[in-house]
**Q** 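The structure under discussion is supplied below as structure tokens; questions concerning it will follow.
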Amino acid sequence: MKRCYEGLLRGCALALLTLAGAGCVVNPVTGKSEITLISAAQEVQLGAQNYQPMQQSQGGIFRLDPAVNRYVSDVGQRIAAVSPRDLPYEFVVLNNSVPNAWALPGGKIAINRGLLMEMQSEAELASVLGHEIVHAAAKHSAKQMQRGMFLQALVLGTAVVTSDSDYGNLAAGAANIGAQALSQTYSRGAELESDFYGMKYMSEAGYDPEGAVDLQRTFLRLANARGQTQGFNIFASHPPSQQRLATNIITASELPPGGKVGRDDFAAMMSTLRASQPAFEAYDAGRKALADGDLSAAERKAREAIRLQPREASFYGLAGDAALMRKNYDTAIASYTNALDRDATFFYYHLQRGIARERSGDVSRAEADLTTSLKLFETAPAYYSLGNLALKRRDTQSAKQYYAKAAGSQGEIGNAARAELMRLDLASNPSAYLQTRAGTDAQGQLLIAVNNPNPLAVRALRFEIRYLDSAGQTRSITRALNSVLGAKQNTTIATGLGPFTSSNQYQVQLIGAALAE
């Protein structure tokens, strides 16, 4: 207990953030005493709160063959049953080609379709799920929070988003705070710990621990073949190494031999997925073509994917995206409707159909689609389109609220939303958009520094200056900057007032501004 107390003192700067939750607990996996700033209840709450946003941001649940999700969940629950930590474990397969798996605090675990395609046995699947169970049970994700910005996600209750797909970068506002911590590499100790205890758990659950050795060999092969590929994948947060492979070989030799390998069972359960792999490869090629601006290739690949597997919703989504970029709104709407007929639980098809309907002038149905998409996953494009629709109804107040939400995101949509918000709100609320600071020069003359961090130029800046004259009387005058202050530019205005010897002698307020358009 003394060592734990000393450790708590050494970490006091961080502990001050959440003193009420700080304490020393026994890790249920390792049996060691550790400092924790996040309670078990907070872990469960955070995991439950962010599980759906994480799924939506990475392609949604794999729906083509529901039996695959049930199979993965059954294997995961079988291993979770031998874990020493009782958590509300959940397991889901995501419709994403990137080989990856992850665990949120509280036992919320996901594995991508792409990683399943790299496996050959149920024992390898058990190895991955056992590894992620240890990350959750041993509080590895919680420790990441304690070290960085992810702690803010606990306080603010924001959605967790990653850049693992085309969808994560659509998120609105500060919803991507948690992604930075989740995509951080786990420490070497945490990875070895998860390997060791994960193999122990899978062995206790009746699986051959050699599956973990086979899987690590697969990871090394993939890493050598692909290198550190762009984007967040399993090699970013779970880096393979010869050391991990060698350690797993030793661990397997020390565990009871034998156990289920399950190659035939795994092959049978993955049969539909493997048969559909050429269609998913065509889809991935189409997505890349779309990102590169080659609409013809994207359309061709979408048709190929649909021909090979007409039951998969995402293929129709790709066709809709290509049509939307061509401004063929009726075709886009029909494609998104086909996608929704196959999977109405994924936000993206609702969002894109809403945008297509907004652009085609179908206001009421566009609003319904966009609102549904926001219930599934909050995105800047949905808020931006709803702002546009509100303007068409002459509902300026609602438009401001929608644009303000979209303006919190980065990129093209965020800039467009900030520009629309300025057009509506700058005249009545200039200080919300322009940064001003008053001070004096070496001679005590009053200067006003103005910064315009926005995507639009402004003009006609007016300031009210209240100051004490030489007789101690309060005076009020206005000063103006009639020249244009460009986007992302700043300037300094000489007021002609002074000299002042103290900031208590003056107050400056921005009271007017207009767009330079």
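Computed from a prediction, not measured in an experiment: that's the story for all the values here.
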**Q** Is there side-chain contact between Thr495 and Gln445, with heavy atoms separated by less than 4.5 Å?
**A**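 Counting from C-beta outward, Thr495 and Gln445 never come under 4.5 Å.
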
**Q** Could you check whether atom CD of Gln507 has more than 12 heavy atoms from other residues, nucleotides or ligands sitting under 6.0 Å from it?
**A** no

**Q** Not counting sequence neighbours, which residues clear salt bridge (Lys or Arg N to Asp or Glu O under 4.0 Å) with Arg113? List them please.
**A**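 Counting only residues at least two positions away or on another chain, Arg113 forms no salt bridge (Lys or Arg N to Asp or Glu O under 4.0 Å).
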
**Q** Assert yes or no for the condition that the ring centre distance of Tyr336 to Tyr316 is strictly below 6.0 Å.
**A**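 Here the rings of Tyr316 and Tyr336 have centres that are no less than 6.0 Å from each other.
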
**Q** With sequence neighbours excluded, tell me which residues meet side-chain contact (heavy atoms from CB on, under 4.5 Å) with Ala297.
**A** Ala289, Asp294, Arg300

**Q** Decide if atom CZ of Arg274 counts as having more than 12 heavy atoms of other residues, nucleotides or ligands within a radius under 6.0 Å.
**A**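 Yes.
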
**Q** Before accepting this row, confirm whether a basic side-chain N of the pair Glu299/Arg326 lies closer than 4.0 Å to the acidic partner's carboxylate O.
**A** yes

**Q** Which residues pass the side-chain hydrogen bond (donor to acceptor under 3.5 Å, both in side chains) test with Asp292, not counting sequence neighbours?
**A**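 For Asp292 the side-chain hydrogen bond (donor to acceptor under 3.5 Å, both in side chains) partners, ignoring immediate neighbours, are Lys288.
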
**Q** Is it the case that atom NZ in Lys392 sees more than 12 heavy atoms from other parts of the structure closer than 6.0 Å?
**A**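 For Lys392, atom NZ is crowded (more than 12 foreign heavy atoms under 6.0 Å).
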
**Q** For the atom pair CG (Leu104) and CE (Met54), what is the distance rounded to the nearest 0.5 Å?
**A** 5.0 Å

**Q** Within a reach of under 6.0 Å around CG of Asn429, are more than 12 heavy atoms found that belong to other residues, nucleotides or ligands?
**A**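 Atom CG in Asn429 is packed in, count exceeds 12.
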
**Q** Got a sec: does the CD of Glu464 have more than 12 other heavy atoms crowding it under 6.0 Å?
**A** yes

**Q** Does Arg466 CZ have over 12 foreign heavy atoms under 6.0 Å away?
**A**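 No, because the 6.0 Å sphere around CZ of Arg466 holds 12 heavy atoms or fewer from other groups.
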
